[in-house]
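Before any comments, here is the structure.
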Amino acid sequence: MPKPLSLAFDPIARADELWKQRWGSVPSMGAITSIMRAHQILLAEVDAVVKPYGLTFARYEALVLLTFSQAGELPMSKIGERLMVHPTSVTNTVDRLVRSGLVAKRPNPNDGRGTLASITARGREVVDAATRDLMAMDFGLGVYDAEECGEIFALLRPLRVAAQDFDDSRGAGAAE
C-alpha cells in the first residue's frame with residue numbers, strides 16, 4: 001500500500017492554483033496530474049496484493065489474458081497487442097512467469113519464428129487466488145460504487161479511442 005502523505009493541503013489543487021496564476025486556467029493540467037497520482041496509488045495497492053504470489057500487476061494481467069484464451073495459450077505477439085505493451089516488455093514478463101513455473105513457452109507450430117506462451121496448472125491456481133484477493137479489495141477502487149466505476153470507464157474511453165487502441169466503429173466490447 002502507498003505510504004499516506006498526510007499533507008495539510010491538496011498539492012494537486014495547489015499546483016492548479018499556481019498554474020492559473022502563472023499561465024492561466026488549463027483544467028487538463030489538474031486532470032492529468034490527478035490521473036497520474038491515481039495511477040501511482042492504484043498500482044501500489046494492486047502490486048501489494050499480488051506480491052505474495054510472486055507477481056506484479058503486469059504479470060497478473062498476462063496470466064489473466066492467458067486464462068481468457070480458449071486453449072490457455074497465445075502467441076507472444078498477440079499478448080503484447082492485447083496488453084498494449086512493447087514486445088520487449090512481453091518477453092520480460094513472460095520469461096519471469098516461466099521462471100516462476102506459471103507459464104510455459106514453446107515454438108508456435110503455425111509460425112516458424114513465433115513463440116506460444118501457455119499458462120500452467122500452477123499459473124491457473126495463482127491467478128485464481130490473486131483474482132479473489134484483488135476482487136476483495138475492489139482493485140483499489142473501493143471508494144467508488146459500481147455506477148461511478150462505470151462513469152470512470154466511460155470518461156476514459158474517448159481517450160483510448162483517440163489513441164486508436166481499438167476500432168470503435170464495431171461497438172463496445174466487440175472482439176475478434
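Not a single side-chain hydrogen bond (donor to acceptor under 3.5 Å, both in side chains) links D10 to another residue, sequence neighbours left out. In this structure, H39 has no side-chain hydrogen bond (donor to acceptor under 3.5 Å, both in side chains) partners at least two apart in sequence or on a different chain. R14 meets the side-chain hydrogen bond (donor to acceptor under 3.5 Å, both in side chains) test with E17; sequence neighbours excluded. Residues forming a side-chain hydrogen bond (donor to acceptor under 3.5 Å, both in side chains) with K51 (at least two apart in sequence, or on another chain): none. A search for salt bridge (charged side-chain N to carboxylate O under 4.0 Å, His left out) contacts involving D16 returns K20, not counting sequence neighbours. Not a single ring-ring contact (aromatic ring centres under 6.0 Å, His included) links Y53 to another residue, sequence neighbours left out. Partners of D111 under the salt bridge (charged side-chain N to carboxylate O under 4.0 Å, His left out) rule, at least two apart in sequence or in another chain, do not exist in this structure.
Annotation: the span from R82 atom CZ to L66 atom CG amounts to 11.5 Å, rounded to 0.5 Å. The CD1 atom of I12 lies 8.5 Å from the CE atom of M29; values are rounded to the nearest 0.5 Å. To the nearest 0.5 Å, the span separating CZ on F166 from CZ on R157 amounts to 3.5 Å. To the nearest 0.5 Å, the span separating CZ on F57 from CG on D47 amounts to 8.5 Å. Atom-to-atom distance recorded for T56:OG1 and L43:CG is 8.5 Å, nearest 0.5 angstrom.
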I would like to know whether K105 and D95 meet salt bridge (Lys or Arg N to Asp or Glu O under 4.0 Å); could you show each step before the answer?
CA-CA 9 Å; K105 285 176 29 177; D95 286 349; 2.6 Å; yes
Candidate pair F153 and R160, rule side-chain contact (heavy atoms from CB on, under 4.5 Å), full reasoning:
CA-CA 10 Å; F153 179 83; R160 298 183 308 116; 3.5 Å; yes
Test side-chain contact (heavy atoms from CB on, under 4.5 Å) applied to R96 and L102, step by step:
CA-CA 9 Å; R96 288 177 181 263; L102 305 177; over 6 Å; no
Decide side-chain contact (heavy atoms from CB on, under 4.5 Å) for L83 and V90; before the verdict, give the C-alpha distance in whole Å, the side-chain angles of both, and the deciding distance to 0.1 Å.
CA-CA 9 Å; L83 294 180; V90 174; 5.7 Å; no
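When atom types are taken as modelled, the side chain of N108 and the backbone of P75 share no donor-acceptor pair closer than 3.5 angstrom. Between the side chain of T91 and the backbone N or O of P87, at least one donor-acceptor pair lies under 3.5 Å.
When all heavy atoms of L155 and P158 are compared, the closest pair comes out as O-CD, 3.4 Å. Among all heavy-atom pairs drawn from T93 and A58, the shortest one is CG2-O, 4.0 Å. In terms of heavy-atom proximity, L42 sits nearest to G140 at CD2-O, 3.4 Å.
Other members of the hydrophobic cluster containing M36, listed by chain and number, are I32; membership follows side-chain contacts under 4.5 Å among ILVMFWY residues, whether direct or relayed.
Residue pairs meeting the side chain to side chain donor-acceptor pair (under 3.5 Å) criterion with at least one partner in residues 61-73, sequence neighbours excluded, are E73-R106. Residue pairs that meet the side chain to side chain donor-acceptor pair (under 3.5 Å) test with at least one member in residues 137-146, sequence neighbours left out, do not exist here. Listed by first and then second residue, the side chain to side chain donor-acceptor pair (under 3.5 Å) pairs involving residues 21-33 amount to none (not counting sequence neighbours). Screening residues 118-131 for side chain to side chain donor-acceptor pair (under 3.5 Å), with sequence neighbours left out, gives Y60-T131, R122-E125.
A continuous path of ILVMFWY side-chain contacts below 4.5 Å connects L141 to L156, so both sit in one hydrophobic cluster. Transitive grouping of hydrophobic side chains (ILVMFWY, heavy atoms separated by less than 4.5 Å) keeps W19 and I35 in distinct clusters. Residues M137 and L63 fall within the same hydrophobic cluster, defined by Ile, Leu, Val, Met, Phe, Trp and Tyr side chains chained together at heavy-atom separations under 4.5 Å. The hydrophobic cluster containing M135 also contains V126, counting ILVMFWY residues as joined when their side-chain heavy atoms lie under 4.5 angstrom apart, directly or transitively. I79 and L116 are assigned to two separate hydrophobic clusters, defined by single-linkage of ILVMFWY side chains at heavy-atom distances under 4.5 Å.
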